[in-house]
Peer 1: 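Once you've had a glance at the structure underneath, I'll fire off some questions.
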Amino acid sequence: MIDIRYLRTDPDAALAALERRADAEIESLVDRAIEADRRRRELLGEVEALKQRRNETSREIGERKQRGEPADELMTAMKSVAERIRGFDGELSLVEEELQATLLQIPNFPDPRVPAGGEGEFEIVAEWGTPRPAVESDEPHWEIGSSLGLLDLERGAKIAGSGFPVLTGAGARLNRALIQFMLDLHTTEFGYLEVAPPFVVNRESLQGTGQLPKFEDDQYRTVPDDLFLVPTAEVPLTNLHRDEILDGLDLPLAYVAYTPCFRREAGAAGRDTRGLLRVHQFDKVELVRFTHPDDSSDQLELLTRHAETVLERLELPYRRILLPAGDLGFANAITYDLEVWSPGVERWLEVSSCSSYTDFQARRAGIRFRDQDSGKPQFVHTLNGSGVALARTLVALLESRREADGSVSIPDALRPYAGFDRLSVS
RNA sequence: GGAGGAGUGGCCGAGUGGCUAAAGGCGGCGCCCUGCUAAGGCGUUGGGUGGAAACACCCACCAGGGUUCGAAUCCCUGCUCCUCCGCCA
């Protein structure tokens with residue numbers, strides 16, 4: 001969440017920055033937060049004065065009793081003070097709840113580098129490789145997958161529902177090979193610590209990373225235990241250090257995890273529904289970094305390069321785009337998306353999203369570090385990026401490496417993991 | 001699931017109703033001492049409100065309620081961890 005002190009000291013600047021997101025709700029949320037904060041400090045002043053009196057008098061009572069002197073009239077007087085404190089405390093906790101609930105709904109400030117505009121008005125930052133020109137024999141991945149026996153969407157729909165694909169045979173193997181390849185790359189070449197986290201998380205964790213309270217409808221929730229299926233490994237990884245004070249010398253910390261990702265995609269019904277383009281469950285290897293605030297810009301470039309390296313090793317042409325303010329995620333300050341070209345569906349597919357959350361998640365989740373110079377705890381910056389997301393990477397691989405005879409060649413880097421060089425119709 | 005035990009500051013660990021915000025130790029940071037290192041000395045080491053600052057006050061002993069003029073300390077509920085038993089991949 002954002003810092004109430006910034007909102008208090010420079011509300012105009014804060015509001016101007018937030019309004020770049022073009023979210024109609026923001027202004028009234030900001031007003032509510034400022035008012036709740038004002039009321040909170042007002043009440044705090046009154047209740048603290050009363051508590052000071054109570055503390056002083058109680059000490060006096062203790063001293064008198066020790067000396068064997070009577071203190072009855074002080075004790076009687078304090079009864080009404082205690083009553084008034086109870087009243088103020090009750091009011092105060094209501095106001096604090098209101099403040100907290102409001103702040104939790106206010107999105108992060110966009111980084112100044114983020115361009116203005118809504119969805120589609122991104123900046124292309126970098127391009128790698130040359131997308132293969134379309135040819136007559138191009139087919140979408142659901143055709144390729146079914147003729148090569150890799151993919152079974154109908155049976156997935158039968159056993160779970162639409163959007164829960166089944167991979168079979170070489171398709172399942174290829175999927176697993178990709179996961180293994182990515183984990184090995186990030187751990188051995190880029191120094192990430194591999195983590196195998198829980199695939200379900202509690203409410204506090206989802207609140208820490210920003211999915212709750214605003215986006216509960218997008219999550220799969222398990223009913224008796226109130227646990228949520230992870231929408232991304234970002235949630236368990238970032239929450240590894242929730243409510244902790246890290247040693248500043250340990251920064252940056254870098255973690256990588258494979259998890260399946262579960263997304264209800266509420267409100268996205270009908271969009272990109274064919275094949276594997278938008279599904280309720282997919283596999284992903286996720287990178288998370290905890291950094292010093294001064295270092296987070298450089299760390300984002302580094303992390304994005306790690307994700308890009310995956311695509312380069314897989315020989316998949318891609319572009320890096322910088323998302324505009326209107327298309328930025330709730331908790332994100334700046335986001336690069338990596339998109340690969342997929343000739344079968346003739347589209348750029350988002351396979352990675354690399355972001356800095358500045359101190360927004362850290363403040364929600366209480367992730368701090370002790371600064372060497374000041375000795376004071378301060379919030380870290382959290383970053384994460386897909387490194388990379390699977391279903392769509394598999395799509396791009398199949399569609400872009402398919403040859404006229406219907407076979408698909410496996411990129412060199414993946415061959416040791418796949419155990420085969422080519423997929424052919426048997 | 002059943003039976004016990006335990007949760008104190010960055011860490012370890014005292015403390016059972018009032019000079020205890022918390023002894024003692026470790027670690028971190030600052031200063032002093034010092035040819036260098038080690039040792040030693042002093043201070044500091046959670047959050048909030050007000051203040052330019054010095055500083056003042058409030059809160060904070062797992063969490064939330066309660067008793068009391070006053071709670072780390074007493075009562076209730078919850079959570080987590082540990083031990084034993086049962087079940088189980």
Side-chain angles (χ1 to χ4, degrees), chain A residues 1-11 33-104 196-208 212 222 224-228 236 239-251 253 290 292 359 362-380:
Chain A
M1 73 192 133
I2 61 170
D3 188 351
I4 184 64
R5 275 174 293 198
Y6 179 48
L7 214 50
R8 185 192 302 151
T9 48
D10 200 348
I34 289 174
E35 171 56 20
D37 176 55
R38 190 197 60 74
R39 182 82 183 117
R40 171 176 172 270
R41 286 182 301 146
E42 184 180 80
L43 286 167
L44 215 48
E46 305 197 44
V47 77
E48 285 190 356
L50 285 174
K51 283 181 177 175
Q52 179 179 3
R53 214 180 124 201
R54 181 189 65 187
N55 290 346
E56 283 168 356
T57 311
S58 291
R59 202 169 306 132
E60 167 78 17
I61 291 170
E63 283 166 13
R64 284 201 195 178
K65 291 204 160 184
Q66 214 117 64
R67 294 193 300 260
E69 296 169 11
D72 293 356
E73 86 285 4
L74 287 180
M75 283 167 66
T76 314
M78 281 305 102
K79 271 193 202 251
S80 74
V81 171
E83 200 49 53
R84 288 173 65 200
I85 288 173
R86 231 188 305 276
F88 276 122
D89 270 341
E91 208 176 327
L92 189 60
S93 68
L94 287 179
V95 171
E96 280 179 340
E97 247 168 64
E98 155 80 3
L99 177 60
Q100 186 72 2
T102 308
L103 284 176
L104 284 173
F199 294 170
V200 292
V201 292
N202 57 29
R203 281 184 182 274
E204 291 73 26
S205 294
L206 281 166
Q207 183 173 296
L212 290 185
T222 69
D225 300 312
D226 206 34
L227 294 170
F228 295 80
N239 278 283
L240 280 175
H241 294 301
R242 173 151 53 85
D243 294 325
E244 289 185 16
I245 297 175
L246 304 167
D247 188 333
L249 295 173
D250 291 340
L251 299 178
L253 289 167
F290 297 83
H292 191 286
D359 60 1
R363 183 171 284 109
R364 286 178 161 238
I367 309 169
R368 295 175 295 174
F369 72 101
R370 200 170 292 283
D371 188 47
Q372 284 310 109
D373 302 326
S374 68
K376 292 279 181 197
Q378 57 173 300
F379 292 112
V380 299

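In the text below, chain A, chain B and the rest are named by the order of the sequence lines, each starting its count at 1.
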Peer 1: With both distances kept under 3.5 Å, what pairs with B/U80, Watson-Crick or G-U wobble?
Peer 2: B/A6

Peer 1: Tell me whether A/Arg86 is salt-bridged to A/Glu83, with the criterion being a basic N under 4.0 Å from an acidic carboxylate O.
Peer 2: yes

Peer 1: What integer number of Å spans the P atoms of B/A38 and B/U45?
Peer 2: 25 Å

Peer 1: Can you give one letter per nucleotide of nucleotides 49-73 of chain B, going 5' to 3': B for a protein heavy atom under 4.0 Å from the base, S for sugar-phosphate only, - for none?
Peer 2: SS------BBS-------S-BS---

Peer 1: If I pick the C1' atom on B/A3 and the same atom on B/U8, what distance separates them, to the nearest angstrom?
Peer 2: 27 Å

Peer 1: Under a 4.0 Å threshold between the charged nitrogen and the carboxylate oxygen, would A/Glu63 count as salt-bridged to A/Arg59?
Peer 2: no

Peer 1: When the distance from CG of A/Leu43 to C1' of B/G48 is rounded to whole Å, what number comes out?
Peer 2: 14 Å

Peer 1: Nearest whole angstrom, please: distance from the P of B/G10 to the CD of A/Gln378.
Peer 2: 16 Å

Peer 1: Take atom CD of A/Glu60 and atom C1' of B/C19, then tell me their distance rounded to the nearest Å.
Peer 2: 13 Å

Peer 1: Using purine N1 to pyrimidine N3 plus N6-O4 or O6-N4 for Watson-Crick, or N1-O2 and O6-N3 for G-U wobble, each under 3.5 Å, what pairs with B/C55?
Peer 2: B/G50

Peer 1: Please determine, for B/A60, whether a Watson-Crick or G-U wobble partner exists with both distances under 3.5 Å, and give it or none.
Peer 2: none

Peer 1: So does A/Glu98 pair up with A/Arg39, basic N to acidic O under 4.0 Å?
Peer 2: no

Peer 1: Partners of A/Gln52 by side chain to side chain donor-acceptor pair (under 3.5 Å), sequence neighbours excluded?
Peer 2: A/Glu56

Peer 1: Could you please name the partner base of B/A38, counting Watson-Crick and G-U wobble pairs only when both distances are under 3.5 Å?
Peer 2: none

Peer 1: Looking only at atom C1', what distance separates B/A6 and B/C12, rounded to whole Å?
Peer 2: 16 Å

Peer 1: Between B/G24 and B/G9, how far apart are the C1' atoms? Round to whole Å, please.
Peer 2: 14 Å

Peer 1: Which heavy atom of A/Asn239 sits nearest to which heavy atom of A/Gly208, and what is that distance?
Peer 2: OD1-CA, 4.4 Å

Peer 1: Can you tell me the Watson-Crick or wobble partner of B/G24, both distances under 3.5 angstrom?
Peer 2: B/C12

Peer 1: Roughly how far apart, to the nearest Å, are B/G48 and B/U80 at atom C1'?
Peer 2: 27 Å

Peer 1: Separation of A/Glu69 atom CD from B/G18 atom C1', in whole Å?
Peer 2: 15 Å

Peer 1: Roughly how far apart, to the nearest Å, are B/G47 and B/G43 at atom P?
Peer 2: 22 Å

Peer 1: Any ion pair linking A/Asp89 and A/Arg84 (charged N to carboxylate O, less than 4.0 Å)?
Peer 2: no

Peer 1: How many Å lie between CZ on A/Arg368 and P on B/U45, as a whole number?
Peer 2: 15 Å

Peer 1: For B/G1, give the paired nucleotide (Watson-Crick: N1-N3 plus N6-O4 or O6-N4; G-U: N1-O2 and O6-N3; both under 3.5 Å), or none.
Peer 2: B/C85

Peer 1: Between B/G40 and B/G25, how far apart are the P atoms? Round to whole Å, please.
Peer 2: 11 Å

Peer 1: Between B/A60 and B/A71, how far apart are the C1' atoms? Round to whole Å, please.
Peer 2: 13 Å

Peer 1: Could you pull out the closest heavy-atom pair between A/Leu251 and A/Val380, with the gap in Å?
Peer 2: CD1-CG1, 4.2 Å

Peer 1: Does any nucleotide pair with B/C74 by Watson-Crick or G-U wobble geometry, both distances under 3.5 Å, and what is it?
Peer 2: B/G66

Peer 1: Indicate yes or no: does A/Arg40 engage A/Glu96 in a salt bridge with an N to O separation below 4.0 Å.
Peer 2: yes

Peer 1: Measure the distance from CD on A/Gln100 to C1' on B/G48 and round it to the nearest whole Å.
Peer 2: 14 Å

